[in-house]
> 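Below: one structure in structure tokens.
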There are 2 protein chains.
Amino acid sequence: MPVSEGNPGEDARARLQRLHDILRSRICLLDYPPGTRLSEEPLAAEFGTSRTPLRRALARLEDEGLIQTQHGVGTIVTDVDLAEMGRTYELRRELAGLAGRLSPVAVTPDIIARAHRFVARGRALARTPDPREFARLNMDFFHFGAALTENEALREASERLYYRTARIWLKSISRLDLGDEVRIFLTELEQTAAAVDGHDLLAAALIRQAHISMCEARLRA
Amino acid sequence: MPVSEGNPGEDARARLQRLHDILRSRICLLDYPPGTRLSEEPLAAEFGTSRTPLRRALARLEDEGLIQTQHGVGTIVTDVDLAEMGRTYELRRELAGLAGRLSPVAVTPDIIARAHRFVARGRALARTPDPREFARLNMDFFHFGAALTENEALREASERLYYRTARIWLKSISRLDLGDEVRIFLTELEQTAAAVDGHDLLAAALIRQAHISMCEARLRA
DNA sequence: AAACGGCGTGTTGTGCACAACCCTGACGGG
DNA sequence: CCCGTCAGGGTTGTGCACAACACGCCGTTT
């Protein structure tokens, strides 16, 4: 059982970030599937705080559209309908392309090494497919891709959209063939690593764009 | 003196929206210039609430990057440095273009009428230029443009970015020639109205894109 | 005169108690 | 049998008091 005890010497801002990230992760990894009712008191107890700081984290999640609170009822994990998902995916696709054109970072050996580590992780996953590990790898890889642009605003917007749709994707994995999805994703990782090898972040962005587009098409089917 | 008294029969969500919008407007209209220290207690008193609901609104503003709170010091209205502004403008420009391609709305007579009302307001402003009225018109026109796409995610992202940079623009107006700026903006309004007349939202988006680009260049000078 | 230390004031952060509210289920009347 | 009513439990929203913190002022010391 994962315990998230408090951290005595922790700054208020750091704690907010921690609570927010943990809760967001749980929502997007479907530990809290859409429709789940989160109660403030038990959550606060789990994190070793009172309701007040917890509510600050919930407020951010609500502004991000991941939960919705109703007075007297509870805070419910939101769901995403197909129409909204389609538009969000469209925008995500466009932003991914922008990442290659707007302030791409300089490719360092560290970046190349990280790209290849993702390929290794992808291959390991292909040997023993697991939905949750798949989701985690996908999330990590998203952050890797976001770090390829220096445009802070673009990163922030992409991240918002990603976390908004990540759940839908994981929820549909069961409908699709997990092995196929893993193989497709591994291809994306390999192609990206090759592009990064050639210091071509525009290509990396286009690859990502293409895969987002194809992924959305598979989800829609 | 503008009084913002409470509204007895008001829902919590509606009040949050109201407080947030008012404060955001004040920040972006430079009623609270960058560096201003906002105090929670007086603000809460002005809005007829306690600190708790006010803090909820401030939390959203902080997540949007418009203010920054420091324990024991105060909540300070943020400033935007030139480098960040440049990247944000880049992204705004791209998103404006996207608005013409991603789910544009159907052009109705109402939309056309509104476009022409903006032209009328612009002409009135050109006769008696005023920085604050200029800013207000610009803000209203932005919302008009955002309403031209049905892509909710795109609207939200654009709005975030707009309010993030609106201050910089108004702050620089004094450096530039107000009359020139008003005339340029009037041109944008007229061109947009013409595009809308022809039911061509793609053109409207491209016009906006061009003007954002030129505006950024003037700011940078 | 300059440097240092402590204290007072003002600010945001936290915890707690209570208000406002919604849902469920039982109960009674039609 | 059905429907309306009401009470109870559980949840989020609010207000308030206090803790934690930063900064400037002033007296003291060197």
Side-chain angles (χ1 to χ4, degrees), chain A residues 4-24 26-27 32-78, chain B residues 4-24 26-27 32-78:
Chain A
S4 312
E5 74 279 353
N7 179 345
E10 193 175 26
D11 182 283
R13 182 162 293 128
R15 170 167 62 176
L16 165 61
Q17 191 74 28
R18 186 172 61 94
L19 294 193
H20 171 262
D21 287 356
I22 292 177
L23 291 174
R24 186 176 65 177
R26 289 184 186 174
I27 290 173
Y32 302 142
T36 305
R37 242 186 40 191
L38 307 178
S39 272
E40 299 179 354
E41 201 112 27
L43 273 182
E46 185 199 347
F47 291 118
T49 72
S50 81
R51 281 177 58 209
T52 310
L54 175 79
R55 278 173 66 80
R56 176 67 180 85
L58 291 180
R60 183 180 286 184
L61 290 171
E62 182 168 20
D63 288 341
E64 291 171 345
L66 264 46
I67 61 176
Q68 199 167 359
T69 69
Q70 284 178 56
H71 189 183
V73 180
T75 76
I76 284 100
V77 177
T78 58
Chain B
S4 310
E5 75 280 352
N7 180 344
E10 195 174 25
D11 183 283
R13 181 162 295 130
R15 170 166 63 179
L16 164 62
Q17 191 74 27
R18 187 171 61 92
L19 295 192
H20 171 262
D21 287 355
I22 291 177
L23 291 174
R24 186 177 64 175
R26 288 184 186 175
I27 290 173
Y32 302 143
T36 304
R37 243 188 39 192
L38 307 177
S39 273
E40 298 179 354
E41 200 112 27
L43 272 182
E46 185 199 347
F47 291 118
T49 73
S50 82
R51 281 177 57 209
T52 311
L54 176 79
R55 278 172 65 80
R56 176 67 181 82
L58 291 180
R60 182 180 287 183
L61 290 171
E62 182 167 19
D63 289 341
E64 290 171 346
L66 264 46
I67 62 176
Q68 198 167 1
T69 69
Q70 285 177 55
H71 189 184
V73 180
T75 76
I76 283 99
V77 176
T78 58

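None of these values were measured; they are calculated from a predicted model. Below, chains carry the letters A, B, ... as their sequence lines are ordered, and counting in each starts from 1.
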> Go nucleotide by nucleotide along DNA chain C from the 5' end; which of B:Glu40 and A:His71 gets its closest nucleotide reached first?
B:Glu40

> Extract, from 5' to 3' on DNA chain C, the first and final nucleotides lying under 4.0 angstrom from some heavy atom of chain A.
C:dG13 to C:dC22

> Taking atom CG of A:Leu54 and atom NE2 of A:His20, what is their separation to the nearest 0.5 Å?
12.0 Å

> Salt bridge or not between B:Arg56 and A:Asp63? Use side-chain N to carboxylate O under 4.0 Å.
yes

> Once you round it to whole Å, what is the distance between P of D:dT12 and CZ of B:Arg15?
18 Å

> Take A:Thr52 and A:Gly72, find for each the nucleotide of DNA chain D with the closest heavy atom, and name the residue whose nucleotide sits nearer the 5' end.
A:Gly72

> For A:Leu38, which contact category applies under a 4.0 Å heavy-atom criterion: base, sugar-phosphate, or nothing?
sugar-phosphate

> Less than 4.0 angstrom from a charged side-chain N to a carboxylate O is my criterion; do B:Arg60 and B:Asp21 meet it?
no

> In whole angstrom, give the distance that lies between atom CD of A:Glu10 and atom P of D:dC21.
13 Å

> Under a 4.0 Å N-O cut-off, is there an ion pair linking A:Arg15 with A:Glu10?
no

> Both B:Pro53 and A:Val73 contact DNA chain D. Taking the nearest nucleotide for each, which residue is further toward the 5' end?
A:Val73

> Between atom CD in B:Gln70 and atom C1' in D:dC21, what is the gap in whole Å?
11 Å

> Mind running side chain to side chain contact (heavy atoms under 4.5 Å, CB included) on B:Ile67 and B:Ile27 for me, showing each step along the way?
CA-CA 9 Å; B:Ile67 62 176; B:Ile27 290 173; 3.7 Å; yes

> Reckon A:Arg55 touches a base, only the sugar-phosphate, or nothing at all at heavy-atom distances under 4.0 Å?
base

> Ignoring hydrogens and angles, tell me if any N or O in the side chain of A:Thr78 forms a donor-acceptor pair with the backbone of A:Gln68 under 3.5 Å.
no

> Students often get this wrong, so: under 4.0 angstrom with heavy atoms, is B:Thr69 touching a base, only sugar-phosphate, or nothing?
sugar-phosphate

